[in-house]
Protein chains: 2
Amino acid sequence: MNTRRPTILDVARAAGVSKSTVSLVVRGSPTVKEDTAKQVREAMAATGYVYNRAAANLRKSSVGLIGLVINDLRNPFFTEFATSVQMALSAQGYATVISNSDEDGALQAQMVSSMIEHGVSAFIISPAYGQEAETFDQIARAGIPCLQVLRQVDPRGDLFPFATFDFARGGLLATQHLIEQGARNIAFVGGLEDRAVTTERMSGYLEALIGTGVQPTSFHGRATRAFGAEIAEKISRETPEIDAAVCFNDQVALGLLSGFARLGRRVGEDFRIVGFDDIEECNQVWPRLSSVDCDIAQFGRDAAAALLDWVETGQRPPALRRAPVSLAARETSLGIDPEGTSS
Amino acid sequence: MNTRRPTILDVARAAGVSKSTVSLVVRGSPTVKEDTAKQVREAMAATGYVYNRAAANLRKSSVGLIGLVINDLRNPFFTEFATSVQMALSAQGYATVISNSDEDGALQAQMVSSMIEHGVSAFIISPAYGQEAETFDQIARAGIPCLQVLRQVDPRGDLFPFATFDFARGGLLATQHLIEQGARNIAFVGGLEDRAVTTERMSGYLEALIGTGVQPTSFHGRATRAFGAEIAEKISRETPEIDAAVCFNDQVALGLLSGFARLGRRVGEDFRIVGFDDIEECNQVWPRLSSVDCDIAQFGRDAAAALLDWVETGQRPPALRRAPVSLAARETSLGIDPEGTSS
DNA sequence: TTATGGAATAGGAACGTTCCATTATCATGT
DNA sequence: ACATGATAATGGAACGTTCCTATTCCATAA
């Protein structure tokens with residue numbers, strides 16, 4: 001089973017040319033005559049040659065590999081993001097290594113270290129909390145470009161450029177919309193307290209509430225469906241006067257939605273919900289979930305482009321970029337239009 | 001920015017030992033004296049040394065990298081699978097490269113080729129349809145162990161071992177259960193026609209129907225939420241006598257669920273649904289989705305273990321393994337228990 | 001003192017590519 | 001016939017490890 005793999009040299013012998021020529025053919029250089037190239041290609045097929053990237057990388061400086069580290073791959077928001085980044089990078093001839101830290105800082109540090117050893121040219125990282133220093137110092141020491149997205153946790157804060165969404169404005173839009181829809185008692189649900197990702201969204205929420213007489217309330221916790229469902233119950237039991245919620249993300253909102261469905265409270269009529277991220281599923285539940293639309297696919301493409309610019313031309317992206325957001329209002333906040341059920 | 005990275009040789013110089021000794025320390029060999037090892041480690045820290053895996057791989061035969069190719073990473077079923085495999089492999093010191101072919105055979109072939117070049121030691125692949133020959137011939141030519149999971153599409157059919165679930169039995173259990181619950185007109189929903197993944201599930205469904213007088217009906221299409229929702233509408237409009245459905249997977253079932261919610265049909269009472277896979281979300285919607293439980297986490301661990309056995313001891317896994325399934329009955333098939341809303 | 005042998009360390013070759021500096025080839029103009 | 005210059009092809013060094021075969025060191029026994 002383990003006969004030695006043919007190398008560029010075996011191909012060269014078979015084709016009756018030098019190894020340099022084979023190398024040129026492999027890389028599609030235009031300087032080799034078409035006749036020769038064809039012979040070489042035939043020899044490659046005949047010998048069953050496979051390109052050895054490790055050997056090539058040893059000589060070259062760049063590897064064409066980008067590391068993508070995600071903190072929660074079970075959240076569709078991140079899957080959509082990862083998919084979009086991978087597509088954009090592969091269109092430019094880069095391979096993507098996706099890794100899921102699953103909110104485990106130690107695991108993340110270990111994955112980053114392994115990727116550095118494998119010679120990735122750059123990182124896009126939506127970091128987990130914990131072991132920040134270990135994760136980012138490694139990258140900085142190795143001098144590898146790195147784009148931090150969605151969460152800024154690098155210990156010095158200014159080590160790597162950061163791309164995110166305008167979460168504050170999202171919170172503002174969502175809350176204003178709920179007020180316009182007649183909600184009088186709006187809660188903010190989900191997200192761990194004191195994390196920037198949470199406080200930013202909340203700042204918009206709080207701003208919208210100023211002068212309206214509405215009292216802010218918030219329920220903090222992990223951004224999961226389970227937490228959303230739990231809060232639906234808690235609200236029904238303890239603070240039934242709350243009639244609307246701005247959620248940390250769509251996961252929480254969907255949890256809230258099914259929690260209320262279970263309790264028989266009619267979302268869209270008795271209770272209004274706006275989620276955050278606008279994942280595909282928002283359109284696939286009923287009532288459809290209103291959400292702060294983040295155009296995650298575009299965000300992914302932009303991130304990939306900015307990173308490649310950095311890698312290839314040395315053009316470091318701006319330290320901070322906030323992508324705009326908009327509001328996608330659907331049944332959970334507008335109510336259910338008896339006419340409109342056919343679209 | 002681009003000063004040459006220190007090598008093992010620089011470390012050796014700094015520590016006053018030979019490069020061989022440094023290499024041994026890097027790999028944690030017990031033959032080097034503790035004093036020396038400590039000096040070397042200090043020198044490594046001082047010089048900012050990072051291990052160059054490409055160079056090591058050039059010399060070693062194995063790389064400790066496993067390729068995981070998934071056909072639809074947006075489906076939570078596969079995300080759960082990928083996460084489980086990655087955990088199991090990383091516990092054994094292997095790194096995992098996850099790639100999403102997104103049901104694109106050409107893309108898949110390209111990803112596989114890139115992974116082979118990067119020197120992965122083995123593959124786990126849940127293949128996309130299309131370009132089967134290209135994908136699998138490459139792997140076979142390179143002599144790399146490969147475990148095919150969930151879908152068997154390799155052109156010769158017996159090229160690589162195949163691990164899957166006992167889908168037929170799942171279809172049988174689901175259908176029998178619906179009959180016991182009093183359903184009289186059970187449809188099979190989702191999955192592309194004439195694909196083994198579909199016909200296997202359907203064979204169980206058809207078997208359960210024998211002698212019951214229930215007429216089989218099926219609606220085929222992509223296994224997405226959108227398709228499920230579409231079929232909910234179609235059933236309501238064209239064949240309202242259908243009172244239950246066995247679904248290709250949970251995505252379809254969840255689509256059906258929200259489709260019916262939208263149309264005001266009460267699932268669990270007027271209409272009974274059983275999904276397939278038992279993803280986490282089954283417990284997080286309301287009514288909770290009954291599903292054929294596949295214990296995907298265990299499946300992932302088993303796949304990882306079988307593959308590593310193959311890689312390390314040459315012990316090729318059995319050509320076919322069907323993991324057992326069971327039924328997780330919940331509200332969408334049992335109906336809503338007015339007492340049981342508190343668990 | 002001198003063999004002896006095991007533990008610790010050292011040095012050179014090898015891995016399969018790319019890059020660079022050369023050399024061979026060949027049509028063209030004088 | 002010869003120089004010219006572009007085009008095509010070549011050979012050797014280099015990349016940073018690991019592996020294998022020495023060599024050195026040192027405690028112990030003769």
Side-chain angles (χ1 to χ4, degrees), chain A residues 2-41 43-44 47-65 114 116-121 142-143, chain B residues 2-41 43-44 47-65 114 116-121 142-143:
Chain A
N2 254 334
T3 168
R4 196 179 58 82
R5 281 204 194 165
T7 77
I8 211 176
L9 219 72
D10 298 310
V11 176
R13 252 190 302 271
V17 297
S18 79
K19 62 180 170 38
S20 307
T21 306
V22 177
S23 175
L24 290 171
V25 171
V26 167
R27 287 173 291 158
S29 159
T31 69
V32 38
K33 227 189 335 193
E34 184 45 38
D35 291 358
T36 324
K38 206 175 115 226
Q39 280 188 348
V40 170
R41 273 191 288 269
M44 283 179 16
T47 52
Y49 170 74
V50 321
Y51 183 67
N52 183 333
R53 219 170 263 275
N57 292 345
L58 187 55
R59 198 61 176 66
K60 288 196 299 191
S61 43
S62 164
V63 180
L65 239 195
S114 154
I116 293 177
E117 290 176 0
H118 278 287
V120 297
S121 316
Chain B
N2 255 334
T3 169
R4 196 179 57 83
R5 281 204 195 165
T7 79
I8 213 176
L9 220 72
D10 298 311
V11 176
R13 251 189 303 272
V17 298
S18 79
K19 63 181 170 36
S20 306
T21 305
V22 176
S23 176
L24 291 171
V25 171
V26 166
R27 286 174 292 159
S29 160
T31 68
V32 38
K33 228 188 334 190
E34 183 46 36
D35 289 0
T36 325
K38 209 176 113 222
Q39 279 188 349
V40 169
R41 274 191 286 270
M44 282 176 23
T47 52
Y49 170 74
V50 319
Y51 183 67
N52 183 334
R53 216 170 265 274
N57 291 344
L58 186 54
R59 200 59 182 43
K60 288 196 301 193
S61 44
S62 164
V63 180
L65 241 192
S114 154
I116 292 177
E117 290 175 1
H118 279 286
V120 297
S121 316

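Computation of the quantities below employed the complete heavy-atom set of this structure, encompassing side-chain atoms and omitting hydrogens, waters and symmetry-equivalent molecules. Computed from a prediction, not measured in an experiment: that's the story for all the values here. Proteins come first, then strands; the chains are lettered A, B, ... in the order of their sequence lines, and each starts at number 1.
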Next on the checklist: Could you work out, with side-chain contact (heavy atoms from CB on, under 4.5 Å) as the rule, every residue matching A:Ala37, not counting sequence neighbours?
Outcome noted: A:Val25, A:Val32, A:Glu34, A:Arg41

Next on the checklist: Rounded to whole Å, please give me the gap between CG in A:Asp35 and C1' in D:dT7.
Outcome noted: 14 Å

Item to check | Opening and closing nucleotides of DNA chain C in contact with chain B, under 4.0 Å to non-hydrogen atoms | outcome: C:dA8 to C:dG16

Checklist entry - Which pairs count as salt bridge (Lys or Arg N to Asp or Glu O under 4.0 Å) when at least one residue sits in residues 47-64 of chain B, sequence neighbours excluded? => result A:Glu117-B:Arg53

Next on the checklist: Distance check, rounded to the nearest 0.5 Å: B:Asn57 atom CG versus A:Asn57 atom CG?
Outcome noted: 10.0 Å

Checklist entry - Taking atom NE2 of B:His118 and atom CD1 of B:Ile116, what is their separation to the nearest 0.5 Å? => result 11.5 Å

Checklist entry - Near DNA chain D, which residues from residues 47-57 of chain B have a heavy atom under 4.0 Å away? => result B:Tyr49, B:Val50, B:Tyr51, B:Asn52, B:Ala55, B:Ala56

Next on the checklist: Restricting to side-chain contact (heavy atoms from CB on, under 4.5 Å), what partner residues turn up for A:Ile8, sequence neighbours left out?
Outcome noted: A:Lys19, A:Val22, A:Ser23, A:Tyr49

Checklist entry - Residues in side-chain contact (heavy atoms from CB on, under 4.5 Å) with A:Ser29, at least two apart? => result A:Leu24, A:Thr31

Item to check | Where A:Gly64 and A:Ser121 come nearest, the two heavy atoms and their spacing | outcome: N-OG, 3.5 Å

Checklist outcome for this item: Of all heavy-atom pairs linking B:Gly48 and B:Pro6, the shortest is O-CG, 3.6 Å

Checklist outcome for this item: B:Thr47 meets the side chain to side chain donor-acceptor pair (under 3.5 Å) criterion, sequence neighbours left out, with none

Checklist entry - Looking only at heavy atoms, what is the nearest atom pair of A:Arg5 and A:Val50, with distance? => result NH1-CG2, 3.1 Å

Next on the checklist: For A:Arg13, give me all partners under salt bridge (charged side-chain N to carboxylate O under 4.0 Å, His left out), at least two apart in sequence or on another chain.
Outcome noted: A:Asp10

Next on the checklist: Rounded to the nearest 0.5 Å, what separates atom OH in B:Tyr51 from atom CE in B:Met44?
Outcome noted: 11.0 Å

Next on the checklist: Counting only heavy atoms and a strict 4.0 angstrom limit, can you tell me which residues of residues 20-27 of chain A come near DNA chain C?
Outcome noted: A:Ser20, A:Ser23, A:Arg27

Checklist entry - Rounding to a whole Å, what distance do you find between A:Glu34:CD and D:dT7:P? => result 17 Å

Checklist outcome for this item: Axis-to-axis angle for the helix from C:dT1-D:dA30 to C:dT30-D:dA1, ends of five pairs each, to 10°, equals 50°

Item to check | DNA chain D contacts among residues 8-17 of chain B, heavy-atom distance under 4.0 Å | outcome: B:Ile8

Checklist entry - DNA chain D: B:Thr7 or A:Pro30, which has the more 5' nearest nucleotide? => result A:Pro30

Checklist entry - B:Asn52: what forms a side-chain contact (heavy atoms from CB on, under 4.5 Å) with it, not counting sequence neighbours? => result A:Leu58, B:Ala54, B:Ala55

